[in-house]
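Each remark here refers to the structure printed beneath this line.
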Amino acid sequence: MSELYIRVAEDESEEPMEIPSEDDGTVLLSSVAAQFPGACGLRYRNPESQCMRGVRLVEGVLHAPESDWGNLVYVVNYPKDNKRKMDEIDAASAVKIKRGFQKTSDLIVLGLPWKTTEQDLKDYFTTFGEVIMVQVKRDAKTGNSKGFGFVRFTEYETQTKVIAQRHMIDGRWCDCKLPNSKACPDEPMRSRKIFVGRCTEDMTTDELRQYFMQYGEVTDVFIPKPFRAFAFVTFADDQVAQALCGEDLIIKGVSVHISNAEPKHNNIHQLFPNFPGGSASLAAMFDRSQYQFPSSHV
DNA sequence: GTTGAGCGTT
């Protein structure tokens, strides 16, 4: 049978405190935390290796290292002890996120000669970088190539390079592109485009460009024709666009309201401008339907 | 047994 109490201290040099164990010899983390608020575990110095060892913790229950807890002094772990590790995790996820923006995707290879095989493709594309996958699309019955295929690279840099140029494969020029299925959601780019509401008819694209230039580089100004009292302004930097959202700005003496531009084609009235019965009935129909607009750049 | 802008049977 185990001891009734184990010795726990804030630090190896501190005075230990006795913490009650359970009947089965385990110690509840909650028992430790009752005396050491915020505790998230225990560790101890292994007498043989002189290294610190963590105490097994399963669902709030601390388990003795050996058959019993022995005469050791256990040291409390606090989340702050893991700060360095947390930083490492943060750094790792930051890298992951960064990689997320540069995730490779399958590329469609258009214009392949009928005779080109997957081995041919692999041999060719490997000259650019490591290849994960190649496909040649074939007719199910005849096995004849449909003249296109897919390729996936390990490195995003390779993908970029391959997309940028044409490819002479088995005597034909081929193109590698992002497939339609992947073209949109690749980069969940924060919107660089703002919606400028309450525009007046006398505002020209040039004037809007001139005005918004003060905030950052303007890459596009769009004013719907006929006049609809709003405009879109696109900046080179999404942070500029985001910073302006919610603002009321004075242009040519009138107050315009800045908000986020909705994704293009997300507006059903844009898709069906002359829907019979008017906008309301269309919107209602749409709400009841399961259809989701594909995501797209805004 | 053909074809030549496109978009991926499993």
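- Atom CG of A:D106 is separated from atom P of B:dG8 by 12 Å (rounded to the nearest Å).
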Protein-nucleotides 1-3 of chain B N/O pairs under 3.5 Å:
none

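- The separation between A:N180 atom CG and B:dG6 atom C1' is 8 Å, rounded to whole Å.
- The aromatic ring of A:F148 does not sit over the base of B:dG8; the criterion of centres under 5.5 Å apart with planes under 30° is not met.
- Applying the ring-ring contact (aromatic ring centres under 6.0 Å, His included) rule to A:F235 yields no partners; only residues at least two apart in sequence or on another chain are considered.
- Residues A:F153 and A:F128 keep their aromatic ring centres 6.0 Å or farther apart.
- Sequence neighbours left out, the pairs with a member in residues 162-175 of chain A that pass salt bridge (Lys or Arg N to Asp or Glu O under 4.0 Å) are A:R166-A:D175.
- The phosphate of B:dG6 has neither OP1 nor OP2 within less than 4.0 Å of any side-chain N or O from A:K146.
- Residues meeting the ring-ring contact (aromatic ring centres under 6.0 Å, His included) test with A:Y44, sequence neighbours left out: A:Y74.
- Atom P of nucleotide B:dG8 and atom CD1 of A:I132 are separated by 21 Å, given to the nearest angstrom.
- Judged by closest nucleotide on DNA chain B, A:V109 is the one of A:V109 and A:R138 placed further toward the 5' end.
- Regarding A:Q135, its CD atom lies at a distance of 21 Å from the P atom of B:dG6, rounded to whole Å.
- Going from atom CG of A:L112 over to atom P of B:dG8 covers 15 Å, rounded to whole Å.
- Between the side chains of A:T104 and A:R152, at least one donor N or O lies within less than 3.5 Å of an accepting N or O.
- Between A:P113 and A:F150, the residue anchored nearer the 5' end of DNA chain B, judged by the nucleotide with its closest heavy atom, is A:P113.
- Using a 4.0 Å heavy-atom distance criterion, A:L107 is classed as making no nucleic acid contact.
- Under the side chain to side chain donor-acceptor pair (under 3.5 Å) criterion, A:H257 pairs with A:D248, sequence neighbours left out.
- Rounded to whole Å, the distance from CH2 on A:W173 to C1' on B:dG6 is 20 Å.
- With sequence neighbours excluded, no residue forms a salt bridge (Lys or Arg N to Asp or Glu O under 4.0 Å) with A:R53.
- The interatomic distance linking A:D139 (CG) with B:dC7 (C1') rounds to 16 Å, in whole Å.
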